[in-house]
There are 2 protein chains.
Amino acid sequence: MGKRATTKDKILDAAEALFAEHGFEQTSLRQITADAEVNLASVNYHFGSKKALIQAVMARYLEVFMPSLQQELNRLHPGFSTNDVFNCFRKPLADMRQVRKHGPTLFLSLLGFAYAEIQGHLRRYTMEQFGEVMTLLLDALHEANPQLSPIDMFWRLHFVLGATVFAQVSGPALREIAAADFGEAVAADQVIDRLIPFIAGGMDAPVHELSKASTVEPR
Amino acid sequence: MGKRATTKDKILDAAEALFAEHGFEQTSLRQITADAEVNLASVNYHFGSKKALIQAVMARYLEVFMPSLQQELNRLHPGFSTNDVFNCFRKPLADMRQVRKHGPTLFLSLLGFAYAEIQGHLRRYTMEQFGEVMTLLLDALHEANPQLSPIDMFWRLHFVLGATVFAQVSGPALREIAAADFGEAVAADQVIDRLIPFIAGGMDAPVHELSKASTVEPR
DNA sequence: TTTAAATTAAAACACATGTTTAAAATGTAT
DNA sequence: ATACATTTTAAACATGTGTTTTAATTTAAA
């Protein structure tokens with residue numbers, strides 16, 4: 001089709017960069033079209049609405065990431081640990097670099113905002129997309145941690161999501177602080193290296209006595 | 001002063017409930033004044049601006065919570081564990097119930113939004129307020145985990161914050177899902193019971209080989 | 001009661017947002 | 001070259017926001 005950088009792509013590129021840095025709601029169409037050097041109305045012309053643009057930005061990544069993660073999860077060897085499960089995210093995440101130069105960082109930031117934003121439509125959309133993989137993830141984690149009840153697993157998985165999402169959303173700011181305080185430049189990939197042991201450790205932790213189910217389990 | 005429910009307090013009460021449910025930016029002054037059954041202009045009359053109202057809402061809790069947490073941290077016995085450190089949050093949090101009936105839940109939600117919102121002024125304000133206690137916390141956690149380098153501690157503490165904040169911000173929605181899927185009503189306090197072992201386990205986890213310092217460590 | 005201050009009320013202001021409109025420009029077949 | 005569809009452009013629209021203004025009202029002091 002286009003010779004070089006069609007309007008639609010210019011919008012997608014500018015939008016994803018701004019979304020990843022400031023979130024979806026905080027980014028206006030006027031900022032996006034200004035950065036993309038296109039007319040304001042072209043967003044509604046090509047995508048229909050801002051909501052649709054947001055979904056289009058997400059879709060570009062999800063279409064690559066989701067099947068890749070699914071494949072990794074299916075490739076797990078029997079007897080795998082919690083750590084092994086979370087390590088399944090490494091390759092799909094690294095592959096994001098092929099979608100875009102700073103793909104891994106951008107994608108995780110987008111994902112963070114997508115999950116954090118209160119907007120129902122995005123929540124529903126991403127949840128639908130993630131529904132399948134979520135089930136796979138839950139099954140794998142339950143197999144690695146058979147001692148955890150479903151409800152415990154439910155909550156811990158959301159704690160994991162929280163730590164992950166948060167680390168990415170406030171990632172740029174945190175990396176700045178870390179670099180200033182410790183004189184150490186920290187790439188986004190290295191944050192993953194620090195995050196995975198943390199969430200695996202949390203997942204493997206013993207459950208609190210008082211939060212155990214009604215079945216009496218002394219000692 | 002007032003006989004019963006002064007305008008200023010009606011605004012504060014309505015604002016805190018809406019803020020805790022929808023966040024600061026997503027809540028408009030018109031919603032607040034409608035719920036409080038006061039005139040729109042009274043917010044600016046009594047507080048000066050929306051920013052000032054937000055800070056006033058936060059201050060009501062922080063003034064009680066902060067000294068209480070500080071006291072608990074100072075009361076730690078030598079040889080304390082990571083779990084002990086995080087358990088210092090229990091009493092100050094429970095005390096929030098004296099400020100307001102659903103104080104613990106409201107406060108944690110507010111805190112979550114305060115930390116999550118990108119707005120600089122709130123970030124700065126809360127960080128200033130939390131600066132002292134943060135130092136205390138860092139020192140205590142470092143004493144409980146001497147094997148962690150400062151940079152590792154820095155990141156893990158932020159993962160902890162992420163899991164905590166996230167669990168609270170999306171708390172109401174998650175509790176609904178949990179109740180629907182597991183037929184189990186989950187109070188906010190019980191979420192804390194599930195959260196603390198998780199973050200303690202993550203904090204105590206071994207560090208990833210690749211993220212260790214430049215010292216070569218094969219296998 | 002009179003007077004002055006504090007508070008409430010209704011309206012308008014200034015600005016930013018996503019969206020739509022209608023005309024101009026461009027591209028593309030016939 | 002002509003006719004038609006596609007795309008771009010500039011302007012306006014409709015709505016929601018925090019804030020300010022000005023007058024009415026209530027409260028409290030003299």
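Residue numbers start from 1 in every chain, and the chains themselves are labelled A, B, ... in the order their sequence lines are given, proteins ahead of strands.
The NZ-C1' distance, from A/K51 to C/dT17, rounds to 15 Å in whole Å. The distance from atom CG of A/N44 to atom C1' of D/dA14 is 14 Å, rounded to the nearest whole Å. At whole-Å resolution of the value, NE2 in A/H22 and P in C/dT17 are 13 Å apart. Atoms CD (A/Q26) and P (C/dT17) sit 10 Å apart, rounded to a whole Å. Summarising the geometry, the separation between CG on B/L29 and C1' on D/dT20 is reported as 13 Å, rounded to the nearest angstrom. Per the geometry, CZ belonging to A/F24 stands 18 Å off C1' belonging to C/dT17, to the nearest Å. Whole-Å rounding puts the B/I32 CD1 to D/dT17 P distance at 11 Å. Straight-line distance from the CG atom of A/L53 to the P atom of C/dG18: 10 Å, rounded to whole Å.
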Full working for side-chain contact (heavy atoms from CB on, under 4.5 Å) between B/L106 and B/M96: CA-CA 9 Å; B/L106 285 173; B/M96 297 291 93; over 6 Å; no

Test log, rule side chain to side chain donor-acceptor pair (under 3.5 Å), inputs B/T6 and B/D9: CA-CA 5 Å; B/T6 146; B/D9 286 333; 5.0 Å; no

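Side chains of B/H142 and B/L157 form no contact here, defined as non-hydrogen atoms less than 4.5 Å apart. Counting heavy atoms from C-beta on, the side chains of B/E25 and A/E25 never come closer than 4.5 Å. For the pair B/I199/B/M203, no side-chain contact is recorded, criterion being any heavy-atom separation below 4.5 Å from C-beta on.
Within the 3.5 Å criterion, the main-chain N or O of B/R156 finds no donor-acceptor partner in the side chain of A/R194.
A tilted orientation is assigned to the rings of B/F198 and A/F159, their planes being inclined by 30° to 60°.
Mapping B/K8 and A/S28 onto DNA chain C via the closest heavy atom, the residue that lands nearer the 5' end is B/K8.
Using a cut-off of 4.0 Å between Lys/Arg side-chain N and Asp/Glu carboxylate O, B/R90 and B/D193 are scored as salt-bridged.
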Give each protein N/O atom lying under 3.5 Å from an N/O atom of nucleotides 5-12 of chain D, with the pair distance.
from  : atom 1 : to    : atom 2 : distance (Å)
D/dT7 : OP2    : A/Y45 : OH     : 3.1
D/dT8 : OP1    : A/T7  : OG1    : 2.4
D/dT8 : OP2    : A/H46 : NE2    : 2.8

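Fit an axis to the five pairs at each end of the helix from C/dT1-D/dA30 to C/dT30-D/dA1 and the two axes sit 0° apart, to the nearest 10 degrees.
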Considering only distance and modelled atom types, tabulate donor-acceptor pairs under 3.5 Å from the side chains of residues 38-46 of chain B, sequence neighbours left out.
from  : atom 1 : to    : atom 2 : distance (Å)
B/N39 : OD1    : B/A41 : N      : 2.9
B/S42 : OG     : B/N39 : O      : 2.4

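A/T27 comes within contact range of the sugar-phosphate backbone alone, with a heavy-atom separation under 4.0 Å but no base atom that close.
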